[in-house]
Amino acid sequence: MEKKKDFVVRFAGEGGQGMVTAGEGLAQAAAQVGYHSQTFSTFPSQIEGGPTWCQTRIAITPALSAGDELDVLVAFNHAAYEGHKGEVREGGVIVYNSEEFQLEPDGHSFGMPFEELGKSTGNPRASNMVVLGAIAHLVNWPQSYLQDFVVARFRRGRANDQEIIDSNIKALSLGEEAARASGFNLGELASPVKPKYTQVMIKGNDLLALGAVAAGVEVFVGYPISPATTILVFMERNLTGPGRFVYQASSEIESINAIVGAGFAGKKAMTSTSGPGMSLMSEGIGMAWMAEIPVVIVNVQRGGPATGLPTKTEQSDFLAALHPAHGDQALPIIAPGTVEECFYAAIAAVNWAERYQGPVILLSDQMLSERAQNVPRPDLGKVVVEKRLVYSGNNGYLRYEASTVSPMPVPGGSGSYVANASEHDPMGDTTHRPDRHVQMTERRFNKLKLLQDSTYEAKHREAPIAVMPWGGSKGSMQEAYDILMAQGQKVGWYYTMYLHPLPAKLLEELRQKELVLVPELNYLGQFGSYLRSLGVRAESITQYTGLPFKVQDLVDQVTERVRAAQGGMVRV
Amino acid sequence: MTSKNEEYDFKWCPGCGDFGVRRSLEYAVADWITQTGQSIENTVVVAGIGCSGNMVHLLEGPQPFGIHGIHGRTLPISFGIKMGRPDLNVVIVAGDGDFLSIGMEHIAPQAQRNLNVTAIIMDNAVYGLTKGQSSPTTDMGVVTPTTPYGKVEGALNPLDLYLTLGASFIASGISTKIRPLGNLMSQAMHHPGFAIVHVQSPCTTYNDNYEILKGNPKKGMAPVAWDIPAEHDPTDRAAAHRVIHSGGIPLGVIYKQENSKPLDKRMGEAWAKARTQSVEQLLDSFLFKVS
């Protein structure tokens, strides 16, 4: 029997039962022996309780998506069983907590008492390890994999370390015994191909925050909001020391205005938020555009509008990110597509803000923010950090005179001026003259031309039809694309983090295509409509469930659209 | 702006109180430069939206830096400037509409943080730039374009509000007393913490209350504004409360917290517990070994 190349487990139950701990523990254990792993979590917006689940995917090649179908469902209660059993693949196994409910033997499920077995080790918190022990048996993992993980996790230099390690290892073996007794087995998971590079196990938001620090962000002001809060938490802990400032603001209105103040005062400044906070920041973002002040606004998208779906994933803020404020403005947008890209996208966003002297939107997704994944440790030696042009000439400087970006005076230095959110003359004083509004509007838009030289991915450029995912849908589309290629379909691939302005050469290529298919998680097909406005024949593949795309759905959708398009192209 | 910018055509109405406030601010900034040895470019004027905010363009002589932002947000903008650059002297110029209506939500947090900035609030009890609508300090019953049957809200007492919210320096002035007002501004700039100088700055077009404030002996009108007696101890919070509630408009330093510790100092102290790590170290904290 061929060995399995990947393995998907979903832990489902009530918030507070340890689903995320179990899922992330499994991912960490797998990564520690050389697998690639990632987790996807979704939970209701409450402290405890409510239906929660965490899905872990383990693979011998980098895991690009959460995985469509479940090999194993771990059901912590009956509601979880009912809610998720339909997603278990044929031949998959359901492990359920027999303390909560009982099932008649059905050939694909078995129960064991999670809590009771856990407590029997003398450690009331060991039930997660019972579950992991059972899972390990289902894919013939050597006992050492999870044992090594337990030792690494619980050796913390405390007096009772060994006691805790022993009880957890005991829990692993109890779970394993229960699974063995059930007689179920999924077949062996292929041995890991150990990566040659050093790795970090990290979530998207943490890596994004690290990228910002690496890019030289010194001021961070934010307000708690799911799913962006962990960026603020990371910064509060780590953005300390001379010349730095981090603070939890009283609202998103305060956050945006504070970072505009800091940007004006010469600092690299950032805030992070999600949909509702973006709405509140609208006017402040307009000010940064108008007064030409470098700042970065991170929007970790969730379902909207209004309070919407705080803990679910959606890519429905693209148009709001492009035009967050009233009036003529179009904001630069950078959107990471993977956990790893979160780091580089943050650096690029800070660099762009400094280069064009204005606000930049860093558009992430809930599904990236909460995803823990093992990725190569970023090489800081390759990071390029940009700084704004600073004015150092005589006083009497005309700050806004040039037709594009010009050196920016910084308080304390020479060239004092008024940074003005009203329309202004070259000196920064308010004006209503038509010629000035024309001059300044064109200056502000001209500066965007400095941002068109970014990189992008392209495969099978010769194909007249291409796919072009953006943001967190990249992984699912990439996996679907690999399947389409294996099937021999003729479809091109384009991808970039730099959504606005698009790399000039990419746009040129896209305009040559007969059709560009854009998978995106929103109703309107927002990015597709943007591409069409740029003269690209784009069509969106939409989904608006609050969940990521399934790979098979994308394979089917692309296949169908390509067939329809080719049918339509037959010339008589 | 220097007086040479002929393109800039905004003008205050003749007799506007803001002329006097501008002169007082110029004196106070000049004093600040003399006393601290800082350059003029180390001062940043953060302007609100309204007639008073235009002061940032109308200051004469050597020019400080300025930012003329959006309505009601002078405090959060100042927050970012001052905490990003504690070396700067940050001065807010805003009106009663900007600061006390749309911007009201920002006073409490900055007062509690004791942000080390000086806010100069020009109160004319009216929205002048939009032509005479009622403001938070407009009296109950007053008819304006937006209160055609008389205002049905009471007038806010800003001084009482500042004291309640925890501002660590509160002064009250009037635009006609230019040197004394400049002196209050100087004291506010030197105060290590959140300082507000609330100024009666009448609008000659929509709410000309000079006579009410200063009185008119010929008509037998007593002045509403009165000088706070020298024996008032501004460090006494209860005494400050009594002054505010003595009726009329008290002029002078109302409250000054002793041993005021501004936010930048508090942050420095809190961070004594922090172990600042380099990006390399932070990345390493997520590192794991493949066995």
Side-chain angles (χ1 to χ4, degrees), chain A residues 28 31-34 148 194-195 198-202 206 210 213-214 218-219 221 238 240-241 245 247 249-251 253-254 257-267 269 283-284 287 291 374 377-378 380 395 409 411-414 416-422 425 427-431 433, chain B residues 1-2 5 7-10 39-47 49 54 56-57 62-85 87-88 105-106 108-109 113 263-264 267 271 274-277 279-280 282-284 286-291:
Chain A
Q28 179 82 43
Q32 276 174 210
V33 290
D148 290 352
K194 295 182 183 178
T198 50
Q199 301 180 84
V200 286
M201 172 65 83
I202 195 165
D206 286 335
L210 260 163
V213 180
E218 287 189 302
V219 173
V221 183
N238 296 307
T240 55
F245 179 63
Y247 215 80
S250 63
S251 72
I253 293 178
E254 186 173 75
N257 283 283
I259 66 163
V260 169
F264 163 78
K267 293 292 190 173
E283 193 186 14
M287 163 168 63
N374 53 329
R377 183 190 191 281
L380 294 180
N395 278 335
S414 61
S416 56
Y417 74 110
V418 178
N420 199 339
S422 301
D425 62 20
M427 197 177 272
D429 290 324
T430 307
T431 183
R433 268 170 48 176
Chain B
M1 154 189 114
T2 62
N5 190 357
E7 185 174 333
Y8 182 71
D9 56 6
F10 176 87
S39 72
I40 183 77
E41 290 86 6
N42 239 59
T43 290
V44 177
V45 177
V46 182
I49 300 300
N54 281 285
V56 71
H57 304 286
Q63 295 293 295
F65 273 78
I67 180 164
H68 200 173
I70 53 178
H71 196 35
R73 312 302 169 199
T74 55
L75 280 174
I77 292 170
S78 304
F79 180 47
I81 297 172
K82 184 67 187 181
M83 295 312 296
R85 292 280 307 279
D87 59 305
L88 299 175
E105 71 195 72
H106 303 298
R113 293 166 191 158
L263 181 61
D264 45 314
M267 288 298 291
W271 280 354
R275 189 171 62 94
T276 303
Q277 299 182 82
V279 179
E280 294 282 4
L282 288 169
L283 274 172
D284 284 345
F286 293 92
L287 215 58
F288 67 92
K289 279 207 189 85
V290 175
S291 58

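Chain identifiers are assigned alphabetically (A, B, ...) following the order of the sequence lines, protein sequences preceding nucleic acid strands; residue numbering begins at 1 within each chain. Atom set for the values below is all heavy atoms of this structure, side chains included, hydrogens, waters and symmetry mates excluded. Bear in mind the structure is a predicted one, so any value in this text is a computation, not a measurement.
Looking at Y417(A), the atoms closer than 4.5 Å to chain B (heavy atoms on both sides) sit in the backbone and in the side chain alike. Contacts between P109(B) and chain A at a heavy-atom distance below 4.5 Å involve the side chain alone, from C-beta outward. Both the backbone and the side chain of E254(A) come within contact range of chain B, judged by heavy atoms closer than 4.5 Å. Looking at N420(A), the atoms closer than 4.5 Å to chain B (heavy atoms on both sides) sit in the backbone and in the side chain alike. Both the backbone and the side chain of A214(A) come within less than 4.5 Å of a heavy atom of chain B. For V219(A), the part lying under 4.5 angstrom from a heavy atom of chain B is the side chain only. Only the side chain of T431(A) comes within less than 4.5 Å of a heavy atom of chain B; its backbone N, CA, C and O stay farther away. Only the backbone of S414(A) has a heavy atom closer than 4.5 Å to any heavy atom of chain B. For A31(A), the parts lying near chain B are the backbone and the side chain together; criterion is any non-hydrogen pair under 4.5 Å.
Note that OG1 of T430(A) is 10.5 Å distant from CD of E7(B), once rounded to the nearest 0.5 Å.
Nearest heavy-atom pair, Y8(B) versus D429(A), reported as atom, atom and distance to 0.1 Å: CD1-CB, 3.7 Å.
Taking V46(B), D264(B), D284(B) one by one and counting their heavy-atom pairs under 4.5 Å with chain A, the maximum is reached by D284(B).
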- request: Would you check, one step at a time, whether the test salt bridge (charged side-chain N to carboxylate O under 4.0 Å, His left out) holds for E280(B) with R377(A)?
  value: CA-CA 10 Å; E280(B) 294 282 4; R377(A) 183 190 191 281; 2.8 Å; yes
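At least one donor-acceptor pair closer than 3.5 Å links the side chain of S416(A) to the backbone N or O of Q63(B). In this structure a side-chain-to-backbone donor-acceptor pair under 3.5 Å is missing from R73(B) to N257(A).
Applying the ring-ring contact (aromatic ring centres under 6.0 Å, His included) criterion to H106(B), with sequence neighbours excluded, gives no partner residue.
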